[in-house]
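Whatever order the structure lists ligands and atoms in, that order sets their numbers, starting from 1.
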Amino acid sequence: MGMGGWQEYSVVDGNAVGALRKVDTTHVPLSHYLGTVGMPGVAAWYGLVKIIAPKAGDTVVIGAATGAVGSAFAALAKARGCRAVGIAGGTEKCRYALEELGFDACIDYKEHSDVQAMSKALKEACPNGIDGYFENVGGWIMDAVMLRMNAFSRVALCGMIAGYDGAPLPMANLALMLINRMKIEGFIVSEHMEVWPDALKELGTLVGTGKLRPRETMAQGIAAAPEAFWGLLKGKNFGKQLVKLI
Ligand SMILES: NC(=O)c1ccc[n+]([C@@H]2O[C@H](COP(=O)([O-])OP(=O)(O)OC[C@H]3O[C@@H](n4cnc5c(N)ncnc54)[C@H](OP(=O)(O)O)[C@@H]3O)[C@@H](O)[C@H]2O)c1
């Protein structure tokens with residue numbers, strides 16, 4: 001396993017630390033090392049465990065709940081005694097979040113499609129308010145979540161995909177950060193290599209023991225890569241988006 005570019009072949013120095021990692025496919029399928037048992041899974045782990053740092057009984061919420069990062073979140077949160085609530089696009093993704101990923105509730109933002117409707121749905125799904133929010137999306141969904149955050153709640157800022165097409169992402173409810181004495185912290189998972197062994201051990205065990213069965217969407221060939229990437233910004237992927245090169 002290694003970090004390459006958008007290319008079919010690359011030459012790397014096999015002796016350089018971290019350039020290539022041998023992975024064990026006895027219990028974990030190879031492709032999952034690019035998803036739940038790889039960088040995206042560790043991102044979910046870091047944001048939840050190190051930034052949100054939940055206590056048993058806390059309610060934690062995540063956007064893009066069924067994607068590569070979101071897929072591991074509920075299992076990690078449930079293992080820490082939390083109520084896990086997802087936000088995802090469409091009834092099929094929400095059903096999968098509940099039935100396969102272990103979320104306690106999932107809100108379809110295409111059905112609850114403005115701040116008021118989302119905030120109302122969050123009130124029902126999170127009767128005790130929200131203690132931790134894992135942000136993958138940004139924009140109006142974040143505005144709605146902010147309205148339900150508890151005092152001394154934490155936000156792990158992992159991504160703001162709603163703005164990756166260049167759209168501005170103004171925040172309407174910034175004052176609530178002060179009123180609720182909130183902590184909001186962004187992170188880049190590759191800057192926290194110290195947590196990777198612990199995170200991968202937990203994630204690998206979840207997948208290896210069959211407790212977590214993440215979905216994947218596979219595009220064929222490098223020529224399909226740009227469209228596959230573009231699809232991420234429109235929610236066309238279901239689970240981790242992969243491109244099979246050969
Ligand atoms: N900080 C880090 O170190 C780090 C590491 C990895 C990933 N990330 C970030 O984590 C986020 C998730 O990445 P991923 O690779 O796991 O992608 P992903 O969740 O597998 O795919 C992206 C998902 O985002 C949702 N989405 C896209 N545009 C949206 C919009 N305008 N409004 C609402 N939802 C939208 C779609 O899900 P729905 O169909 O459910 O809407 C889409 O399937 C991204 O923001 C990424 O940049 C950050």
Give the single entry among [options] that approaches [atom] most closely by any heavy atom.
atom                    : options                       : answer
atom 42 (C) of ligand 1 : Asp108, Leu232, Thr217        : Leu232
atom 38 (P) of ligand 1 : Gly138, Gly89, Cys106         : Gly89
atom 24 (O) of ligand 1 : Ala167, Ala156, Ala64, Gly239 : Ala64

Any idea which atoms of ligand 1 are less than 4.0 Å away from a heavy-atom of [X]?
X      : answer
Ala162 : 31 (N)
Asn237 : 18 (P), 20 (O), 21 (O), 42 (C), 43 (O)
Ala88  : 40 (O)
Gly159 : 9 (C), 45 (O)
Lys93  : 37 (O), 38 (P), 39 (O), 40 (O), 43 (O)

Pairwise side-chain contact, Tyr133 with Ser153, heavy-atom cut-off 4.5 Å (strictly under):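 No, side chains not in contact.
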
For the residue pair Phe238 and Tyr96, establish whether any side-chain heavy-atom pair is separated by less than 4.5 Å.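 Yes, close enough: below the 4.5 Å cut-off.
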
Heavy-atom contacts under 4.0 Å between [X] and ligand 1: side chain, backbone, both, or neither?
X      : result
Val189 : both
Lys236 : neither
Leu233 : backbone
Met160 : backbone

Can you pull out the closest protein heavy atom to [atom]? Residue, atom name and distance to 0.1 Å, please.
atom                    : answer
atom 19 (O) of ligand 1 : Gly67 CA, 3.3 Å
atom 4 (C) of ligand 1  : Cys158 SG, 3.6 Å
atom 1 (N) of ligand 1  : Phe187 O, 2.8 Å
atom 36 (C) of ligand 1 : Gly235 CA, 3.5 Å
atom 32 (N) of ligand 1 : Val137 CG1, 3.5 Å
atom 26 (N) of ligand 1 : Ile161 CG2, 3.6 Å
atom 15 (O) of ligand 1 : Ala68 CB, 4.0 Å

Over 12 non-hydrogen atoms of neighbours within 6.0 angstrom of CD in Gln116: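 At most 12 heavy atoms, drawn from other residues, nucleotides or ligands, come within 6.0 Å of this atom.
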
Between Asp104 and Lys78, is there a salt bridge with N-O shorter than 4.0 Å?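 Here Lys78 pairs with Asp104 in a salt bridge, since their nearest N and O are under 4.0 Å apart.
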
Test side-chain contact (heavy atoms from CB on, under 4.5 Å) on Leu76 and Leu203; report intermediate values, then the result. CA-CA 8 Å; Leu76 297 173; Leu203 293 159; 4.0 Å; yes

Less than 3.5 Å between some nitrogen or oxygen of [X] and one of ligand 1, yes or no?
X      : value
Thr66  : no
Asn136 : yes
Ala43  : no
Pro40  : no
Val69  : yes

Heavy-atom contact under 4.0 Å between Tyr164 and ligand 1?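 Yes, Tyr164 has heavy atoms under 4.0 Å from ligand 1.
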
Are Tyr109 and ligand 1 in contact, using a heavy-atom cut-off of under 4.0 Å?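 In this structure, Tyr109 qualifies as a contact of ligand 1 - some heavy atom is under 4.0 Å.
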
Separation between [atom1] of [X] and [atom2] of [Y], rounded to the nearest 0.5 Å:
X      : Y      : atom1 : atom2 : answer
His112 : Ser119 : NE2   : OG    : 11.5 Å
Leu242 : His32  : CG    : NE2   : 9.0 Å
Lys240 : Ser71  : NZ    : OG    : 10.0 Å
Phe103 : Ile62  : CZ    : CD1   : 5.5 Å
Ile179 : Met146 : CD1   : CE    : 9.5 Å
Phe134 : Leu48  : CZ    : CG    : 8.0 Å

Taking the side chain from Lys93 and the backbone from Gly235, do they hold a donor-acceptor pair closer than 3.5 Å?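 Such a contact is found between Lys93 side chain and Gly235 backbone.
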
Run the side-chain contact (heavy atoms from CB on, under 4.5 Å) test on Lys123 and Ile130 for me, step by step, so that the C-alpha distance in whole Å, both residues' side-chain angles and the decisive distance to 0.1 Å come before the verdict. CA-CA 9 Å; Lys123 190 177 182 184; Ile130 302 170; over 6 Å; no

